[in-house]
There are 2 protein chains.
Amino acid sequence: MKMITREELIGKLKERGFKITPQRLAIVNVLVKRGHLHPGANLILEEARKKTERVSLSTVYATLGELSQQGLIKNLEFDQLENRCEVNLEEHINLVCKLCGKITDYHIPPSLEPKDIAREAGFIVTDARMEYYGYCRNCTTLPKRAHAGRQIQDENA
Amino acid sequence: MKMITREELIGKLKERGFKITPQRLAIVNVLVKRGHLHPGANLILEEARKKTERVSLSTVYATLGELSQQGLIKNLEFDQLENRCEVNLEEHINLVCKLCGKITDYHIPPSLEPKDIAREAGFIVTDARMEYYGYCRNCTTLPKRAHAGRQIQDENA
DNA sequence: TTTTCATTTCGGAATCATTCCAGTTTAGTA
DNA sequence: TACTAAACTGGAATGATTCCGAAATGAAAA
Ligand SMILES: [Mn+2]
Ligand SMILES: [Mn+2]
Ligand SMILES: [Zn+2]
Ligand SMILES: [Zn+2]
């Protein structure tokens, strides 16, 4: 899975005139290291604070907003759940476990071409979002446990 | 496009022990008539009030919650936008226009089988959500107009 | 280095969709 | 018609996100 690097992200921010602050560095670090978890603002804050003495939730939201505007990450919204960050910009489906809340990436084979849809429906596709909800491998074996979707389920992934 | 009827919905509610109240009738009516717009709670309230003298927003939310729990409709969440109702339960992609906010249904051909994904990823798919964001036919011709996505864009659809 | 200042950060208040609640009304049954 | 569990209501509570004025600070210029 191609992963964006810390340096790429920071470089792009610098290019575009953003100042490189300890807060932004910390947040970018979390995104790079924990991106696969599709972290939310509060997890990012928590993790960022382990590296930088001073970060606020406002700043996390602000920074995520900037990164999102710059097209460097995406924002995922969920029912009853805080928003999460999508760092993997390749087209893929997020598999969202209804039991533990873990979100894993599934890369689709080249079919279901956006172009086809544009042509048929007169709709220009600029952005896609596909999610399958269900039960992940862990939650399939242990039938009915762990209701609330805790963040940070790190065992594997 | 197969559309659920007023009678089906009311019948199912009755079956399952729900009382048939003027409020529920009004809300169901709106869902049947305006379902293709993927209406949100406030639009539903507005429309329902044209038929029933007395309905409250609380009741709209409560009723939508019940219908959703009963699996008769689905709840769609969006960035910066109130939730919308999905009345079309067939598997399809919602085409969400970034300019006018209109959401139209696109039915996919039988490919991208959930079963395949389950097998490959060890994930049991119980529910799917797919959306393409972009620009609808109207907004494609008139390049850069109409920013905020107003609800009720009835011209066609 | 020091100066400078636009940008960034911060905490707290504001927002706003949604949920909760306690009191009142009512659908459906007998 | 009377009864009662369910449903409805308006207002208050919630909680994630956004907004804001004031204080702090990168980084370019001197
Ligand atoms: Mn993903
Ligand atoms: Mn739809
Ligand atoms: Zn799981
Ligand atoms: Zn449009």
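Numbered from 1 within each chain, the chains take letters A, B, ... in sequence-line order.
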Audit row: B:Leu67, B:Leu13, side chain to side chain contact (heavy atoms under 4.5 Å, CB included) steps and yes/no
CA-CA 8 Å; B:Leu67 290 170; B:Leu13 285 179; 3.9 Å; yes

If you apply the rule side chain to side chain contact (heavy atoms under 4.5 Å, CB included), what do you find for A:His38 with A:Asp105, and how did you get there?
CA-CA 10 Å; A:His38 301 81; A:Asp105 291 348; 3.0 Å; yes

Set out, in order, the CA-CA distance, both residues' side-chain angles and the distance that settles side chain to side chain contact (heavy atoms under 4.5 Å, CB included) for A:Leu72 and A:Leu9, then state yes or no.
CA-CA 7 Å; A:Leu72 301 174; A:Leu9 273 175; 3.8 Å; yes

Side chain to side chain contact (heavy atoms under 4.5 Å, CB included) between B:Ile4 and B:Leu31, worked out
CA-CA 10 Å; B:Ile4 194 153; B:Leu31 287 175; over 6 Å; no

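OP1 or OP2 of C:dT26 has not a single side-chain nitrogen or oxygen of B:Gln23 nearer than 4.0 Å. Checking the phosphate oxygens (OP1, OP2) of C:dT9, a side-chain nitrogen or oxygen of A:Thr21 falls inside 4.0 Å. For D:dT9, the OP1/OP2 oxygens have a side-chain nitrogen or oxygen of B:Thr59 closer than 4.0 Å.
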Pairwise N/O distances under 3.5 Å, protein to nucleotides 17-19 of chain C:
residue, atom, partner, partner atom, Å
C:dT18, OP1, B:Asn83, N, 2.9
C:dT18, OP1, B:Asn83, OD1, 3.3
C:dT18, OP1, B:Asn83, ND2, 3.2
C:dT18, OP2, B:Tyr61, OH, 2.1
C:dT18, O5', B:Tyr61, OH, 3.2

Tabulated below should be each protein N or O lying under 3.5 Å from an N or O of nucleotides 1-5 of chain C; please produce it.
none

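Residue B:Leu13 contributes atom CG, which lies 15 Å from atom P of C:dA27 at whole-angstrom precision. The interatomic distance linking B:Arg54 (CZ) with C:dT26 (P) rounds to 8 Å, in whole Å. Between the CD1 atom of B:Ile10 and the P atom of C:dG28 there is a distance of 11 Å, given to the nearest Å. Rounded to an integer number of Å, the gap from A:Leu25 CG to C:dT9 C1' is 14 Å. Per the geometry, CZ belonging to B:Arg24 stands 15 Å off P belonging to C:dT26, to the nearest Å. Between B:Phe18 atom CZ and D:dA5 atom C1' the separation is 14 Å, expressed in whole Å. Here the C1' atom of nucleotide D:dA7 and the NZ atom of B:Lys14 are 16 Å apart, to the nearest Å. Nucleotide D:dC8 holds its P atom 7 Å from the CD1 atom of B:Ile27, rounded to whole Å.
The backbone N or O of B:Val55 lies less than 3.5 Å from a partner atom in the side chain of B:Arg49, making a donor-acceptor pair. The main-chain N or O of B:Pro39 is never found under 3.5 Å from a side-chain atom of B:Arg34 such that the two would form a donor-acceptor pair.
The two atoms that bring B:Ile73 and B:Cys85 nearest to each other are CD1-SG, 4.1 Å, heavy atoms only.
B:Lys33 has no carboxylate O lying under 4.0 Å from a charged side-chain N of B:Glu47, or vice versa, which leaves the two without a salt bridge. By the 4.0 Å N-to-carboxylate-O rule, B:Lys12 lies too far from B:Glu15 to be salt-bridged with it.
Residues B:Leu95 and B:Leu89 do not share a hydrophobic cluster, clusters being chains of Ile/Leu/Val/Met/Phe/Trp/Tyr side chains in contact below 4.5 Å.
A:Asn94 and A:His92 are linked by a side-chain donor-acceptor pair at a separation below 3.5 angstrom, with hydrogens and angles left out of the test. Looking at B:Asn88 and B:His36, their side chains never bring a donor and an acceptor atom within 3.5 Å of each other.
Between B:Glu66 and A:Ile20, the residue anchored nearer the 5' end of DNA chain D, judged by the nucleotide with its closest heavy atom, is B:Glu66.
Axis deviation across the helix from C:dT1-D:dA30 to C:dA30-D:dT1 amounts to 30°, comparing end segments of five pairs, rounded to 10 degrees.
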